[in-house]
Amino acid sequence: MCGITGWVSFDRDLRASAETLDAMTQTMECRGPDDRGTWIEGPAALGHRRLAIIDLPGGRQPMTVETPDGNVALVYSGETYNYTELRAELTALGHEFRTDSDTEVVLHGYLEWGEELPERLNGMYAFAIWDGRADKLVMIRDRMGIKPFYFYETEDGVLFGSEPKAILANSLAARRVTLDGLRELFTFVKTPGHAVWDGMNEVVPGTIVTVDRQGLRQRAYWTLETKPHTDDQETTIAKVRELLDDIVRRQLVSDVPRCTLLSGGLDSSAMTAIAAEQLAGQETVRSFAVDFLGQAENFVADELRGTPDTPFVHDVAQASGTDHQDIVLDSNALADPEVRARVIRARDIPAGLGDMDASLYLLFKAIREHSTVALSGESADEVFGGYLQFFDEEARGAEAFPWLVSMGKHIGDDSDVIRPELTKRLDLEGYTADSYAEAVRDIERLEGESDFEYRMRRICYLHLTRFVRVLLDRKDRASMAVGLEVRVPFCDHRLVEYVYNTPWALKSFDGREKSLLREATADVLPTSVYDRVKSPYPSTQDPKYALALQEHAKDLLAKPSHRVFEIVDRERLSAAAHRETPQITQASRRGLERTLDLALWLDMYDPELVLD
């Protein structure tokens, strides 16, 4: 797991720009604290920061191979879980290896198969290859978008990086955000390829981007396809378990300390229990959970969260025999402006998820003191159908992103902090409607599929191609900001493809959420977790947190010339900052968090805002 960056400029020799490449590479230090490397040859410059996971001495990058027709160089971020099989196949084809790293396997795989390589990979990855034989750059991102990857076209080439900050370290990249960037920030629709920063793009998951002297081209090597599902219920459950066993086994491979993230929900509990079963007699699984000071004792159920996590966490830890630790956070830490700033620096944008972002960052920071690799239950809700909106008739029937319907009902909208005149120019409602129409345009309908099954297929597709990417990006940035690699077994493309094409009637055969996952792992789950109703990622209920937000907002209001008021309505902020704390709604709290995030982001990045 690492940070990559680079620059291709066909009109210059970049050996004279080593200092700029060093600056771009340095921004990735948090992603790769163990080592750094750069490589420049003519028009191509590659930079790499390494977090050593597999083959600690042998996996240094950039990694190159000399050929009679030119050098081929690679910078790689991520993990390839089937690299041992690929290595054996390549060895049989005559390739010789100097290291035991998956990086070298990927490089030789490109030499053998070219741009057909990613179709053979199982893993999470973002990598760039400079092919000196053809003077071209090839950028490839994993199917689900687990690893981030950005690029910025220039007059004579391209800049790229694991994160926007690497690109923004080059003076060729403008720090500009237009109305379209703000629309993306405030709508939670995750438009494929959109990077918020003007002129910058994401490499779309499952896509190859090629840059040569003729320009830039993009090609999808993987999409989520509709296929018939012919397995019966018993066979489907057995297949899900078979896949999970293989996935977890592959993702436990590591030359550094590993652990699991445990919330006491079905997803993380099943993953932890399978890991513990596979490592029994070899190693005790370490597990970590986040909790808030006093929350377990003073928990109040609401529409989203009916039970606190801690009792279920402890049931799993006891049943699976894990070496468990609760990471308990208080409101002061969650509201700390310095923590908020670190989260924004990790994301490069003001994401607006408030205490849930802060707690995730602090959880990962604490875990990093003990482990370098963690397995997460992220994305199981999207794969198996676990969210409220999958069962909400209003969300099911709406011609809109279903999570926005659910969020509007249960959390509220934080976009009302925007100045009224800017709200009109943004037209967030129209932007969201256009985005939804684009998102559902290419969903294939199975022949003979009922209207209801097709409707549920659409909801599943939207979660797997839009919603999950928001959470994967959040997870990656928060973890890599502290040098922790987080793996996501439920994002294995084989599992995603299989379960996506399972009819909704099978996904919810017992009338509950995630029926397939529950039954496939029933033998390793405590009864309490098997029976537990879905509960989202936890959020603090301590009123001191909201009070701290108000105090920070008052400090901001004392600076009337602050640039945040180009976006935020000052009177609405003042009303929220002076409201009696018990009267602060979820929407008001989110509005305060969003405003404070925006203010820090403007201070840290000083973007040019184009608001007309």
Lys/Arg N to Asp/Glu carboxylate O, [X] vs [Y], below 4.0 Å:
X: D357; Y: R477; answer: no
X: R494; Y: D492; answer: yes
X: D476; Y: R31; answer: yes

Heavy-atom distance under 4.5 Å between the side chains of [X] and [Y], does that happen here?
X: L137; Y: F160; value: yes
X: P148; Y: R347; value: no
X: L446; Y: P228; value: yes
X: I129; Y: Y76; value: no
X: Y81; Y: Q251; value: yes

Checklist entry - Is R466 close enough and on-axis enough to Y436, meaning under 6.0 Å and within 45°, for cation-pi? => result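 Judged by the rule (NZ or CZ under 6.0 Å from the ring centre, within 45° of its axis), R466 is not positioned above Y436.
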
Next on the checklist: Is the terminal nitrogen or CZ of R457 (NZ for Lys, CZ for Arg) located under 6.0 angstrom from the six-membered ring centre of Y500 and within 45° of that ring's axis?
Outcome noted: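 Ring-cation test returns yes.
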
Next on the checklist: According to salt bridge (Lys or Arg N to Asp or Glu O under 4.0 Å), who are the partners of R469, at least two apart in sequence or on a separate chain?
Outcome noted: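 By the salt bridge (Lys or Arg N to Asp or Glu O under 4.0 Å) rule, R469 matches no residue at all.
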
Item to check | Results of salt bridge (Lys or Arg N to Asp or Glu O under 4.0 Å) for E399 - residues two or more places apart only | outcome: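 E399: salt bridge (Lys or Arg N to Asp or Glu O under 4.0 Å) contacts with R455, R458.
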
Determine whether a donor-acceptor pair (N or O, by modelled atom type, separation under 3.5 Å) exists between the side chain of [X] and the backbone of [Y].
X: K507; Y: V499; value: yes
X: R143; Y: G123; value: no
X: R258; Y: L375; value: no
X: R141; Y: V203; value: yes

Next on the checklist: So if I apply the side-chain contact (heavy atoms from CB on, under 4.5 Å) rule between D326 and each of L262, T310, V290, which one comes out positive?
Outcome noted: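 So the option named by the test is T310.
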
Between [X] and [Y], a side-chain donor and acceptor under 3.5 Å:
X: E115; Y: Y110; answer: no
X: W222; Y: E497; answer: yes
X: E202; Y: H194; answer: no
X: E184; Y: T191; answer: yes
X: D309; Y: S263; answer: no
X: D355; Y: S539; answer: yes
X: R120; Y: N82; answer: no
X: D231; Y: H229; answer: no
X: R532; Y: T307; answer: yes
X: Y83; Y: E104; answer: no

Checklist entry - Do H463 and Y387 have ring centres separated by under 6.0 Å? => result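 Yes, the ring centres sit under 6.0 Å apart.
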
Checklist entry - Do W504 and Y461 make the cut of ring centroids closer than 6.0 angstrom? => result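 Not under 6.0 Å, so no.
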
Checklist entry - D142 and K147: salt bridge (Lys or Arg N to Asp or Glu O under 4.0 Å), yes or no, with the steps? => result CA-CA 7 Å; D142 66 65; K147 301 310 298 176; over 6 Å; no

Checklist entry - What class does the angle between the rings of Y125 and F127 fall in, given that below 30° is parallel, 30 to 60° is tilted and above 60° is perpendicular? => result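 Tilted, since the angle between the ring planes falls between 30° and 60°.
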
Next on the checklist: Tell me whether the rings of F467 and F188 are parallel (<30°), tilted (30 to 60°) or perpendicular (>60°).
Outcome noted: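 Ring orientation of F467 relative to F188: tilted.
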
Pair up each side-chain donor or acceptor in residues 269-279 with any protein partner under 3.5 Å, not counting sequence neighbours, and list the distances.
residue, atom, partner, partner atom, Å
S269, OG, G265, O, 2.5
T272, OG1, T260, OG1, 3.0
T272, OG1, S268, O, 2.8
E277, OE1, R241, NH2, 3.3
Q278, OE1, R249, N, 3.2
Q278, NE2, D245, O, 2.8

Next on the checklist: Run the salt bridge (Lys or Arg N to Asp or Glu O under 4.0 Å) test on R87 and D102 for me, step by step, so that the C-alpha distance in whole Å, both residues' side-chain angles and the decisive distance to 0.1 Å come before the verdict.
Outcome noted: CA-CA 8 Å; R87 180 189 174 101; D102 59 336; over 6 Å; no

